[in-house]
Amino acid sequence: MSGDPITRLTLRRPDDWHLHLRDGAMLRAVAPHSAAHFGRAIVMPNLVPPVVTGAEALAYRGRILEALPEGSDFEPLMTLYLTEDTDPADVAAAHAEGIATAVKLYPAGATTNSASGVRDFDKVRPVLDKMAEIGMPLCVHGEVTNADIDIFDREKVFIDKVLKPIRKANPDLRVVMEHVTTQDAVDYVRDNPRNLAATITTHHLIINRNAILAGGIRPHYYCLPVAKRETHRVALVQAAISGDGRFFLGTDSAPHTDARKLEPCGCAGIFSAPVTMSCLAEVFETAGRLKQLERFTSLNGPAFYKLPPNEETITLVKGDPLEGPAHIGTDDGAVTVFDPGFPLHWRVEA
Ligand code: NCD
Ligand code: ZN
């Protein structure tokens with residue numbers, strides 16, 4: 001026997017290396033949920049219009065700080081949305097001034113609010129060259145958008161057709177493959193140790209594509225990249241629990257109102273911020289790797305981003321199943337919270 005089961009776990013305060021905080025009423029409603037558990041977050045720039053320049057990132061950062069509860073020391077790490085017109089000098093200045101931590105690459109049309117993204121990758125070469133020179137990471141939404149590529153193959157094709165050529169042309173560029181969903185992406189990151197890491201979301205560790213499509217269509221499990229078959233989910237869990245420093249948490253918590261989720265053409269995105277740490281504790285406990293959770297949530301990410309891990313800690317406590325809210329209210333309407341489909345016994349101690 002392996003001794004008494006663990007019922008309390010103290011770890012360094014986690015960070016979220018991929019988060020959508022939105023703006024306005026939605027920002028004010030969701031930001032406190034991330035700030036309650038996380039120390040920092042890489043904040044996605046896909047607002048409408050997108051956050052492209054250093055000045056826009058600085059202004060957005062100010063709005064986020066205003067939306068935080070009194071006394072919160074949550075630190076938003078800003079990203080710039082890469083367009084074909086992005087100015088390398090503006091990117092470099094925003095990085096030097098500590099305004100922007102990374103640049104986000106969306107292939108045009110890949111996901112929610114990505115219309116301003118990149119079509120012709122040659123056009124962004126000067127920006128990528130500058131980023132390689134100054135050591136600024138590129139966060140990549142790794143899906144091709146061609147209508148003739150099956151949606152379940154878009155990540156794998158992106159690796160071959162887009163990511164490999166970018167990294168070959170620019171081996172010094174530091175790249176984060178965000179929200180990886182396939183064994184192919186896990187293998188690619190494992191086999192290419194230099195200047196490459198990957199984030200994994202909460203929900204992709206828990207659901208496979210059956211959650212969306214079997215027994216009725218379930219829009220609240222629809223996100224991009226779309227969840228793949230079970231073998232891929234298992235590969236993601238293996239990567240997350242392995243302790244390998246190249247894999248770390250990016251929740252991709254992406255709130256949309258229920259009205260927007262349930263339209264005939266509903267939005268992609270899963271809102272998981274309030275329950276992420278509870279979900280992850282269950283996943284790591286089930287795998288017998290609870291002690292590796294801290295590496296995934298609190299140590300690997302800072303190491304890749306060359307930032308110190310948080311000094312503060314949080315404590316997870318195991319008890320009766322959580323009676324958490326299924327929705328949160330916002331002035332824009334209700335937002336459904338991710339339901340992992342199993343009881344959550346772990347909560348973050350206040
Ligand atoms: C994100 C969103 O809603 O902004 N949606 C999602 O399904 N993950 C965009 C994204 O990260 O792809
Ligand atoms: Zn996202």
Side-chain angles (χ1 to χ4, degrees), residues 15-24 26-27 29-31 33-34 38 41-51 60 64 76-82 101-118 137-145 151-152 154-155 158 162 176-182 185 198-209 211-213 218-228 236 248-263 265-273 276 301 330 332-333 335-338:
D15 300 304
D16 185 346
W17 300 96
H18 179 127
L19 175 64
H20 299 269
L21 284 174
R22 314 302 192 203
D23 215 341
M26 186 67 87
L27 167 64
V30 302
H33 289 282
S34 288
F38 296 92
I42 285 276
V43 179
M44 288 297 116
N46 65 331
L47 306 182
V48 186
V51 179
Y60 183 32
I64 295 168
L77 303 172
M78 308 310 291
T79 60
L80 303 178
Y81 187 120
L82 183 60
T101 301
V103 170
K104 174 69 191 245
L105 166 66
Y106 289 101
T111 185
T112 313
N113 304 339
S114 62
S116 317
V118 177
L138 179 72
C139 298
V140 173
H141 184 111
E143 290 189 288
V144 292
T145 54
I151 192 163
F152 292 103
R154 288 180 178 187
E155 184 172 282
F158 180 91
V162 183
V176 184
M177 273 200 84
E178 300 203 281
H179 43 51
V180 292
T181 60
T182 57
T199 58
I200 305 178
T201 76
T202 313
H203 47 278
H204 288 116
L205 291 170
I206 293 173
I207 61 164
N208 62 36
R209 60 195 191 179
I212 315 166
L213 297 170
R218 294 177 214 274
H220 292 301
Y221 292 119
Y222 173 59
C223 65
L224 288 169
V226 71
K228 309 296 190 295
L236 300 176
F248 42 88
L249 174 65
T251 63
D252 197 13
S253 182
H256 294 281
T257 60
D258 289 351
R260 298 292 307 280
K261 290 290 294 176
L262 301 174
E263 278 167 8
C265 184
C267 293
I270 293 176
F271 176 57
S272 62
T276 276
T330 82
D332 292 341
V335 174
T336 292
V337 178
F338 175 61

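This chain uses plain numbering: 1 for the first residue, then up along the sequence. Atoms within a ligand are numbered from 1 in the order they appear, just like the ligands themselves.
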> Applying a heavy-atom cut-off of 4.0 Å, say which part of A268 lies close to ligand 1: side chain, backbone, both or neither.
both
> Could you name the option among H141, H20, E143 that has the heavy atom nearest to atom 11 (O) of ligand 1?
H20
> What part of H256, side chain, backbone, both or neither, has a heavy atom within less than 4.0 angstrom of ligand 1?
side chain
> How would you list, by chain and number, every residue that makes a ring pair (Phe, Tyr, Trp, His ring centres under 6.0 Å) with Y81, sequence neighbours excluded?
Y106
> With sequence neighbours left out, write down each residue that passes side-chain contact (heavy atoms from CB on, under 4.5 Å) with A211, or none if nothing qualifies.
I207, Y221
> Using a 4.0 Å heavy-atom cut-off, say whether N46 meets ligand 1 through its side chain, its backbone, both or neither.
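Near ligand 1, N46 shows its side chain, while the N, CA, C and O stay back.
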> Any idea which part of M44 is under 4.0 Å from ligand 1, heavy-atom wise: side chain, backbone, both or neither?
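It is neither part, as no heavy atom is under 4.0 Å.
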> Return yes when atom CZ of R260 has more than 12 non-hydrogen atoms of other residues, nucleotides or ligands closer than 6.0 Å, and no otherwise.
no
> Pull out every atom of ligand 1 sitting under 4.0 Å from any heavy atom of C223, numbered as shown with elements.
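Near C223, the atoms of ligand 1 are 7 (O).
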> T181 and K228: side chain to side chain donor-acceptor pair (under 3.5 Å), yes or no, with the steps?
CA-CA 7 Å; T181 60; K228 309 296 190 295; 2.8 Å; yes
> Does an N or O anywhere in G269 fall below 3.5 Å from an N or O of ligand 1?
yes
> Is there a donor-acceptor pair under 3.5 Å between the side chain of S114 and the backbone N or O of G117?
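Side chain of S114 to backbone of G117: no pair is present.
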> Among protein heavy atoms, which lies nearest atom 8 (N) of ligand 1, and at what distance?
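Result for atom 8 (N) of ligand 1: D252 OD2, 2.7 Å.
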> Tell me which part of R22 gets within contact of ligand 1: side chain, backbone, both or neither, using heavy atoms under 4.0 Å.
side chain
> Excluding sequence neighbours, so at least two apart, what forms salt bridge (charged side-chain N to carboxylate O under 4.0 Å, His left out) with D23?
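By the salt bridge (charged side-chain N to carboxylate O under 4.0 Å, His left out) rule, D23 matches R63.
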> For the Zn ion (ligand 2), count the protein N, O or S atoms found under 2.8 Å away.
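Atoms of protein N, O or S type lying less than 2.8 Å from the Zn ion (ligand 2) total 3.
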> Examine H179 together with H204 and report whether their ring centres are nearer than 6.0 Å.
no
> Identify the closest protein heavy atom to atom 12 (O) of ligand 1: which residue and atom is it, and at what distance?
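Sorting protein heavy atoms by distance from atom 12 (O) of ligand 1 puts T111 OG1, 2.7 Å first.
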> Around atom 7 (O) of ligand 1, find the nearest protein heavy atom and jot down its residue, atom name and distance.
L224 N, 2.7 Å
